[in-house]
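To start, the structure itself, in structure tokens.
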Amino acid sequence: LQSIRYANLSQTGPSLSLRGSAKNYEGIALQSIIFADHRLVKDFVFSDLNADATGRILFNLKLDLDPALLSYLGFITSSLP
């Protein structure tokens, strides 16, 4: 979403940890809906939501992806007719 920025990223296998900011809480709620409907996102948690001095909402995000997303062989075999 254009209203959300991600600043820091760390990865452990199919799990991502991110720090970010959003224009408002509604942007985070909309991003949650998108993640919930995405087949490659297995689980996600937004935490530590706080407003900064400019009114942007700072947050942490833990995102668990489908391990098949990181498998080159799985990608190739699923792409074949």
Side-chain angles (χ1 to χ4, degrees):
L1 296 174
Q2 291 180 353
S3 63
I4 293 184
R5 288 186 270 181
Y6 296 101
N8 296 333
L9 166 72
S10 64
Q11 178 184 1
T12 304
S15 296
L16 304 176
S17 296
L18 301 108
R19 289 203 37 80
S21 66
K23 282 186 179 180
N24 50 43
Y25 288 104
E26 291 82 7
I28 295 171
L30 182 55
Q31 184 68 79
S32 294
I33 292 168
I34 292 168
F35 285 152
D37 290 340
H38 200 287
R39 65 179 177 84
L40 295 175
V41 176
K42 297 303 177 190
D43 193 27
F44 64 93
V45 175
F46 284 93
S47 62
D48 300 328
L49 284 79
N50 293 299
D52 69 6
T54 65
R56 289 191 66 84
I57 309 303
L58 306 176
F59 62 86
N60 290 325
L61 171 62
K62 173 97 168 50
L63 188 65
D64 293 325
L65 302 174
D66 184 339
L69 182 65
L70 304 175
S71 169
Y72 180 72
L73 180 60
F75 174 76
I76 294 298
T77 57
S78 69
S79 300
L80 295 174

Item checked: Pairs satisfying salt bridge (Lys or Arg N to Asp or Glu O under 4.0 Å), at least one member in residues 32-49, at least two apart ->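 The answer is K42-D66.
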
Check: With side chains defined as the heavy atoms from C-beta onward, is the minimum distance between Q31 and F44 less than 4.5 Å?
Finding: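 Heavy-atom side-chain distance check fails, nothing below 4.5 Å.
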
Next item on the list: Check whether any side-chain heavy atom of L65 lies under 4.5 Å from a side-chain heavy atom of V41, and answer yes or no.
Entry: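 They are in side-chain contact.
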
Note to self: I'd like to know if L63 and L49 are part of one continuous hydrophobic network [Ile/Leu/Val/Met/Phe/Trp/Tyr, side-chain heavy atoms within less than 4.5 Å].
What the structure shows: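 Yes: a chain of side-chain contacts under 4.5 Å links L49 to L63.
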
Nearest 0.5 Å, what's the [atom1]-[atom2] distance between [X] and [Y]?
X: L9; Y: R19; atom1: CG; atom2: CZ; result: 13.0 Å
X: K23; Y: L1; atom1: NZ; atom2: CG; result: 11.0 Å
X: F59; Y: S47; atom1: CZ; atom2: OG; result: 10.0 Å
X: S15; Y: D64; atom1: OG; atom2: CG; result: 3.5 Å

Check: Which of these passes side chain to side chain contact (heavy atoms under 4.5 Å, CB included) with L61: I28, V45, L18, L16?
Finding: L18

Check: Ignoring hydrogens and geometry, is there a side-chain-to-backbone donor-acceptor pair from Q2 to I4 under 3.5 Å?
Finding: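 No; zero donor-acceptor contacts below 3.5 Å.
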
Checklist line | Closest contact, heavy atoms only, S3 versus G27 | finding: OG-CA, 4.0 Å

Note to self: Can you give me the closest heavy-atom contact between F46 and S32, atom names plus distance?
What the structure shows: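 Taking every non-hydrogen atom into account, CE1-OG, 3.3 Å.
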
Checklist line | By ring-ring contact (aromatic ring centres under 6.0 Å, His included) - contacts of Y25 (at least two apart) | finding: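 With sequence neighbours excluded, Y25 shows a ring-ring contact (aromatic ring centres under 6.0 Å, His included) to no residue whatsoever.
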
